[in-house]
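Here is how names work: the chains are called A, B, and so on, in the same order as the sequence lines, proteins then strands, and each is numbered from 1. All of these numbers come straight from a predicted model, not from anything done at the bench.
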Amino acid sequence: MSQHLSATVTVFASPSSWIESAAVDQCHQVAALDGMLHVAAMPDLHPGKGAPIGAAMTSAVLYPFLVGSDIGCGIAVFPIRLKRVVPERLAARFPDLDVPPEPGDPAWDAIGGDVPLGHLDGLGTVGRGNHFVELARVGTVFEPAHAGRLGLAAGDPVLVVHSGSRGLGERILRAHTEVHGAGPAPDPAAYLARHDAAVRWGRLNRRLMAARVAHALGAEPTEPVVDECHNLVEIRDGAYLHRKGAAPGDGRDVLVAGTRGTPSYLVAAHAGADAGHSVAHGAGRKMSRADALRRGKAKHTVEELRRTPVGSLVVCGDRQLLFEEAPTAYKRIEQVIGDLTAHGLATPVATTVPLVTYKTADQGPRRRRGRP
DNA sequence: ATGTAC
């Protein structure tokens, strides 16, 4: 007689790393879907909408909801040459990344007129949630030779850009969901064509924003030294490898984001098939947004969230978002990196320490282009 | 995380 066998679930975290049971439950729900082969959960695993965040999920069929709406979301690192680094001065010079660049803005040169699917709406904007554009400084270097190959050394300023495909990915998922719900894509090639365009759009968006910030800070735009998507699907070994909040970890360099008040870790990733060829994408939430808001209001002042323990500044005119994204709402990045290292998935190369993190424009009268 | 509805 035939029976449905659930896919395997492997959690890459040490027993001392707390993982919300609801997120592990979601992994098992995903594992029970038709055609699923394997679910690899990263140490930053936390519950998502329908599917867990921080997982690499392999199946014989393509499930768009396992990638989610922010197709092509990723984190890129751009070197930036600055003469003087004074966070207060630089924070005031950040462009308004909630609105696209003006038509004549020189930052557009960074994408050379490439607008995938002709979707101009939101291009050059950062979005909300956990997205950010950060001026950081290379901190501890664990692997100088490796860092050197990337052109990075301790003290170097860099831009870290975490953003995705904005409304485009959302539109692509919705078009599928309206007809097929959480079911598989009946025409995987058609979905993949749109998905791949959104992945390209996300990369261009990160590049465009880095160019905007570079220009605004008086520097030349640069090519990214690291740029990996953590929401995408690829065909690998004849199966669909969905990554949601999990970065490609097959011999690549990945920036694993910390929080707006702790370092991030640039790692050399070398994850195998059991880990879905993936590594964690960040510290991972340990509190829901609602809990972070409620508990954060009791625990923190706005001032201490805008000036962090590492001395960085957070540009965020949205008070609620500031609490939702408080460092204490996330797990300790060192624990996540420790788990990746202990399981042989990655080797730390260097940290980046925040100087200025841009979340959303400050409120009140704002300095406008061409005005003092 | 998102655009949109409330």
Any chance you could lay out the side-chain hydrogen bond (donor to acceptor under 3.5 Å, both in side chains) test for A:His270 and A:Thr347, step after step, and finish with the verdict?
CA-CA 8 Å; A:His270 33 73; A:Thr347 305; 2.8 Å; yes
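For the pair A:Arg128 and B:dA1, the criterion of a side-chain N or O lying under 4.0 Å from OP1 or OP2 is not met. For the pair A:Arg289 and B:dA1, the criterion of a side-chain N or O lying under 4.0 Å from OP1 or OP2 is met.
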Sequence neighbours excluded and cut-off under 3.5 Å, please list the side-chain donor-acceptor pairs for residues 65-80 of chain A, or say none.
from: A:Asp70; atom 1: OD1; to: A:Ser165; atom 2: N; distance (Å): 3.0
from: A:Asp70; atom 1: OD2; to: A:His131; atom 2: NE2; distance (Å): 3.1

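When rounded to the nearest whole Å, the span between CD of A:Glu170 and C1' of B:dT2 equals 5 Å. Per the geometry, CZ belonging to A:Arg174 stands 7 Å off P belonging to B:dT4, to the nearest Å. A:Leu173 has its CG atom 16 Å from the C1' atom of B:dT4, to the nearest Å. Rounded to whole Å, atom C1' of B:dT2 lies 9 Å from atom NZ of A:Lys49. Whole-Å rounding puts the A:Arg206 CZ to B:dA1 C1' distance at 14 Å. Between the CD atom of A:Glu324 and the P atom of B:dA1 there is a distance of 10 Å, rounded to whole Å. Between the C1' atom of B:dA1 and the CG atom of A:Asn231 lies a distance of 9 Å, rounded to the nearest Å. Taking atom CZ on A:Phe132 and atom P on B:dA1, their separation rounds to 12 Å, with Å as the unit.
Note on ring orientation: taking the six-membered ring where Trp is involved, the planes of A:Tyr265 and A:Phe142 are parallel (angle under 30°, cut-offs 30° and 60°). The aromatic rings of A:His162 and A:Phe132 stand perpendicular to each other, their planes meeting at an angle above 60°, with 30° marking the opposite boundary.
Using a 4.0 Å heavy-atom distance criterion, A:Arg166 is classed as a sugar-phosphate-only contact.
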